[in-house]
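Since the structure comes first, as structure tokens, the remarks are kept for the end.
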Number of protein chains: 2
Amino acid sequence: MSLRHALLGLLTAGPASGYDLLKLFEISLANVWPATQSQVYAELNRLADAGLVKVAAEGPRGRKEYVLDERGLAELRHWLTDVPPAGNPRNEMLLRVFFLGQVEPDRARAFLRAQGERAAAQHERLNAIREVAAGDDDLAVYGRLALEWGLRASAMQRDWAEWAEEQLAEAAAARARPA
Amino acid sequence: MSLRHALLGLLTAGPASGYDLLKLFEISLANVWPATQSQVYAELNRLADAGLVKVAAEGPRGRKEYVLDERGLAELRHWLTDVPPAGNPRNEMLLRVFFLGQVEPDRARAFLRAQGERAAAQHERLNAIREVAAGDDDLAVYGRLALEWGLRASAMQRDWAEWAEEQLAEAAAARARPA
DNA sequence: AAACTCATGTAAAGTGTTACATGATTAT
DNA sequence: ATAATCATGTAACACTTTACATGAGTTT
């Protein structure tokens, strides 16, 4: 139930409507915890029912401005340090790797090359963000830690894919000239 | 719908019952694509209905032995190379990092230290597996590529957590002796 | 006989995605 | 006036987890 905590976390920066939060998701949490419009509005209603947030004001088009309640902040802090993070995230890319022996070697190598290029592109994209990322508020400081994680992760995946492709190429070469 | 493809993939190694497949999940795919008993049995029935697998034999306690159908293999190959992999996996750890400013600096650093230790332990665990991982069938060869990914990922996370902790320590030191 | 393993299934609840639906306000 | 943006909500479907339920065969 981390969407709940993502919303509580964003509300620490100040009051916001569902619409505002949705945009905050897009610009700040898109790569870490994406959420859809349906989800956000529904969860905000649940949070209000549970007393973790409150509707502070109602605006123009039925706009509801939510503020973080004391209990919501307590719940966020509790989650941050006391709740053990869930372990194994699924990895579709690796699942495919396991079964890559089912397609021709050329296709398998092409797959790995594509993954490497994908990771390299992601790395470039994040690098561009780093160069413009300013601010010294908490969200900016900790956001930069997360950004650095992304940079290291994409570099790792890029290098791994290159290495893996070579492994396959070597294995193919070994098969071509048997002992 | 990757559970489906995981099952098809495991069935390329030969006929198996739901019970067998469940154990294969535990030993080979647990870190990549975990699945529960309920899921496996239900999905096998759906796969049989869709004609991607067939019940080849029925054994003792209602045991049903499934074999991969030609159409199932075609579906697996199609998924492996033609279907673009879904991008953004959620990352609960990073979501917490974003909001780490909400707890005292000591607790934030402790969180990062715990993540680093966790990753280091994971790295050791995988390293131990590498040393005993034998076999030159496809699943073993490609399994080792996946293992190497895990080793690199855990090393990356361990190093990142150390770096991040230092960043926070430096920031705290800077605040202690203001200009 | 009791305990364990093998073997499959159903049901409920939580979470996430996609599509549909509606209407108010602001900008061109 | 028209289009774009703001703003919220509902419904259907898919996937995952947890718990419940049952029974056959095997080992001690």
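Between the CD atom of A:E92 and the P atom of C:dG16 there is a distance of 17 Å, rounded to whole Å. For B:L47 and D:dC15, the CG to P distance is 11 Å, given to the nearest whole Å. Atom CG in A:D20 sits roughly 10 Å away from atom C1' in D:dA7 (whole-Å rounding). Taking atom CZ on B:F25 and atom P on C:dA7, their separation rounds to 17 Å, with Å as the unit. Look at CD on A:E65: it is 10 Å from P on D:dA7, rounded to the nearest Å. Here C:dC4 presents its C1' atom at 10 Å from OH of B:Y19, a figure rounded to the nearest Å. Here C:dA7 presents its P atom at 13 Å from CD of B:E58, a figure rounded to the nearest Å. Atom OH in A:Y66 sits about 11 Å away from atom C1' in D:dG9, given to the nearest Å.
In this structure, A:E43 CD and A:L8 CG are separated by 8.5 Å, a value rounded to the nearest 0.5 Å. We find the OH-CG distance between A:Y142 and A:L147 to be 16.0 Å, quoted to the nearest 0.5 Å.
Of the N and O atoms on the side chains of B:E92 and A:W33, not one donor lies less than 3.5 Å from an acceptor on the other residue.
The shortest distance between the side-chain N/O atoms of A:K23 and the OP1/OP2 oxygens of D:dT5 is not below 4.0 Å. Taking only side-chain nitrogens and oxygens, B:R90 comes nearer than 4.0 Å to OP1 or OP2 of C:dT17. At the phosphate of C:dT15, neither OP1 nor OP2 sits under 4.0 Å from any side-chain N or O atom of A:Q39.
With C:dT8, C:dC6, D:dT5 as the choices, the nucleotide that has an atom nearest any side-chain atom of B:R61 turns out to be C:dC6. Closest approach to the B:R63 side chain among C:dA7, C:dG16, C:dT15 is made by C:dA7 (side chain taken as heavy atoms from C-beta onward).
Between A:P34 and B:G18, the residue anchored closer to the 5' end of DNA chain C is B:G18, taking for each the nucleotide with the nearest heavy atom. Ranked by how close their nearest DNA chain C nucleotide is to the 5' end, A:R46 and A:P60 are led by A:R46.
A side chain to side chain donor-acceptor pair (under 3.5 Å) with A:S154 holds for exactly one of A:E124, A:R125, A:Q122, A:H123; it is A:H123.
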Between protein and nucleic acid, restricted to nucleotides 10-13 of chain C and to nitrogen or oxygen atoms under 3.5 Å apart, what atom pairs and distances do you find?
from: C:dT10; atom 1: O4; to: B:S38; atom 2: OG; distance (Å): 2.9

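Looking at A:D20 and A:R63, a side-chain N of the basic residue comes within less than 4.0 Å of a carboxylate O on the acidic one, giving a salt bridge.
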Derivation and outcome, salt bridge (charged side-chain N to carboxylate O under 4.0 Å, His left out), residues B:E75 and B:R71: CA-CA 6 Å; B:E75 167 59 29; B:R71 287 180 51 203; over 6 Å; no
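Environment of CZ in A:R107: sparse, with no more than 12 heavy atoms of neighbouring residues, nucleotides or ligands closer than 6.0 Å.
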